[in-house]
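Down below is the structure, laid out as structure tokens.
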Amino acid sequence: MSATSVSPQALAINGGSPVRASFLPYGRQSIEESDIEAVVNVLRSDWLTTGPKVAEFEDAFAARVGAAHAVSFTSGTAALHGAAFAAGLKPGDEAITTPMTFAATANCVLYQGATPLFADVSRDTLNLDPEQVAEKISSRTRAILPVDFAGHPADLAAILKMARERGLIVIEDACHALGAEYQGKKVGSMADLTVFSFHPVKHITTGEGGMVTANDARLAETLRRFRSQGISTDARQRQSAGQWFYEMVLLGYNYRLPDFACVLGIEQLKRLDANLARRRAIAAEYTAAFRESPGVTVPAIRPDVKPAWHLYAIRLELEKLTADRAQIFRALRAENIGVNVHYIPVHLHPYYRERFGFSGGEFTAAEDAYGRLISLPMFHAMTGQDVKDVIAAVTKVLSTYSR
Ligand SMILES: Cc1ncc(COP(=O)(O)O)c(C=O)c1O
């Protein structure tokens, strides 16, 4: 086909002009001059790590999410590892989690030598279905790990009730949900342990970084020791006390988030409310545009929930379309829209298939959703034009492939 014979409506994948001239990623960080200045000041200070910015970030974070304690880690994954350790997971124990997540949620159970058991998700939110969890509980169960998929809080009331009745610990993976609210309470204040990530695509960033919040002081102390070699004091405490003595009291790791990352977190946290407001406005614009679109199911929002919109994941109604998800994904990428897919259900990864014998067909709600999901660009620095471009590209692609 020659360029001149291509209609303006032709998809870029078929030789038409893309909706955008430049690629729009699905997520990215926002860094301001004040962030850079704060980081540089720490680089010029005496403490690059284990210094004063660590507790300052942790205290500000705990206050923001309404938790008694917050303990920083080098990543969300390290924070999950800390939470699994603090929960006391050990070989022979089982922890129940969702397949509709990033593999790190289940991997942290394996790090402790315990066994993750998956339970299927609810079809509306794609969060852990409490009824499916109940069926998996046995005398070996020690923990439940719900994930707040895309930033929509899990069904915490049902999960916490079940856990309290059976003496189980709840580790909420809220890596998508900083700033989300559930029944008027902030995510981070409700579960025994709540885990956050500060990867650049998240609501705030420290480059890499993570946090665990807890209301129990003993859990928080265990987390602090675990992230610093299992040692009972830190270098700054020893320096200020003028002593050299320390003892290793448990088998820990070096998961300490340095001061220059913590100060970035402090600065970023000041903009969390603005970031959330922007994400909520983008989500509202997408939902208004696609609610009536044939071929698309927009994300569900349960009553009494304020999602944090880490992701905006549409589901394709493939029955109404002439193309499959892979084709629609490629067509949107060709329009320069950085769509993504969250998630390949964890049990379908080769490691989990080989180790636990999964072959597909075990968790039909998660697997059906996986075949339909497409994450649209969602980050707080998106401009009005970026949002319009996404809407235009999705509309163009879906109208081309609609039955
Ligand atoms: C649900 C979930 N859990 C855990 C993690 C791990 O966080 P990190 O990348 O900070 O290690 C992620 C990261 O994207 C995530 O999405």
Side-chain angles (χ1 to χ4, degrees), residues 25-29 57 61 70-85 87 95-112 116 118-119 121 125-128 143-154 156 159 170-180 187-188 191 193-213 223 226-227 253-258 261-262 264-265 268 279 299 307-313 338 340-347 349 352 366 369-370 373 375 378-379:
Y26 94 91
R28 61 161 289 138
Q29 73 278 10
F57 181 34
F61 193 91
V71 181
S72 58
F73 282 82
T74 45
S75 67
T77 305
L80 278 167
H81 189 186
F85 178 87
I96 301 170
T97 192
T98 164
M100 187 45 74
T101 185
F102 188 58
T105 316
N107 292 349
C108 75
V109 179
L110 294 175
Y111 297 159
Q112 285 302 111
F118 298 103
V121 294
T125 58
L126 304 183
N127 279 331
L128 205 46
I144 308 175
L145 277 96
V147 172
D148 304 321
F149 177 76
H152 185 298
L156 289 168
I159 290 169
V170 175
I171 303 172
E172 181 182 355
D173 182 339
C175 286
H176 295 187
L178 175 57
V187 162
L193 296 152
T194 308
V195 177
F196 298 89
S197 161
F198 308 130
H199 180 274
V201 296
K202 299 297 191 328
H203 305 80
I204 66 168
T205 191
T206 58
E208 298 283 358
M211 192 77 83
V212 185
T213 59
L223 289 165
F226 182 79
R227 66 116 185 253
Y253 291 74
N254 179 349
Y255 282 153
R256 296 186 299 262
L257 192 63
C262 287
L264 182 54
Q268 293 258 321
R279 284 171 179 266
W309 298 109
H310 162 52
L311 302 173
Y312 189 95
N340 219 318
V341 173
H342 301 89
Y343 285 100
I344 301 168
V346 178
H347 68 288
H349 285 295
Y352 279 85
Y370 167 55
L373 281 164
S375 301
M378 170 58 85
F379 54 97

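Counting starts at 1 for both ligands and their atoms, following the listed order. Because the structure is a prediction, the values reported are computed rather than measured.
Note: an N/O pair closer than 3.5 Å links Gly76 and ligand 1 by distance alone. Considering backbone and side-chain N/O of Thr101, none are found under 3.5 Å from N/O of ligand 1. Between Glu208 and ligand 1, not a single N/O pair is under 3.5 Å apart.
Remark: the backbone N or O of Ser72 is paired with a side-chain donor or acceptor of Arg227 at under 3.5 angstrom. Counting only distance, with no hydrogens or angles, the side chain of Thr74 and the backbone of Leu257 share no donor-acceptor pair below 3.5 Å.
A ring-centre distance under 6.0 Å is found for Tyr26 and His342.
Residues Asn107 and Tyr352 meet the side-chain proximity criterion, which asks for heavy atoms closer than 4.5 Å.
Interface atoms of ligand 1 facing Tyr343, defined by a heavy-atom separation under 4.0 Å, are 16 (O). Ligand-side atoms of ligand 1 in range of Thr105: 3 (N), range being under 4.0 angstrom from any heavy atom. Annotation for ligand 1: atoms under 4.0 Å from non-hydrogen atoms of Leu80 are 4 (C).
Of all protein heavy atoms, the one closest to atom 3 (N) of ligand 1 is Asp173 OD2, 2.7 Å. Given atom 11 (O) of ligand 1, the protein heavy atom at minimum distance is Thr77 OG1, 2.5 Å. Counting protein heavy atoms only, atom 12 (C) of ligand 1 is closest to Phe102 CD2, 3.5 Å. Ser197 OG, 4.1 Å is the protein heavy atom nearest to atom 9 (O) of ligand 1.
Ring geometry, Phe226 versus Phe85: the interplanar angle falls under 30°, so the pair is classed parallel (tilted spans 30 to 60°). Between Phe57 and Phe61, the ring planes lie perpendicular to each other; the angle is over 60°, past the 30° to 60° tilted range.
Within the 4.0 Å heavy-atom criterion, neither part of Phe73 lies near ligand 1. Neither the backbone nor the side chain of Val195 has a heavy atom within less than 4.0 Å of ligand 1.
Side-chain atoms of Thr125 and His152 form no donor-acceptor pair, as typed in the model, at a separation below 3.5 Å.
Residue contact check for ligand 1: Lys202 places a non-hydrogen atom closer than 4.0 Å to it.
For the side-chain contact (heavy atoms from CB on, under 4.5 Å) criterion with Leu126, the lone passing option out of Val147, Thr101, Val121 is Val121. Each of Thr98, Thr97, Thr105 was scored for a side chain to side chain donor-acceptor pair (under 3.5 Å) with Asp173, with one residue passing: Thr105.
Residue His176 holds the heavy atom nearest to atom 16 (O) of ligand 1 of all those in His81, His176, His310.
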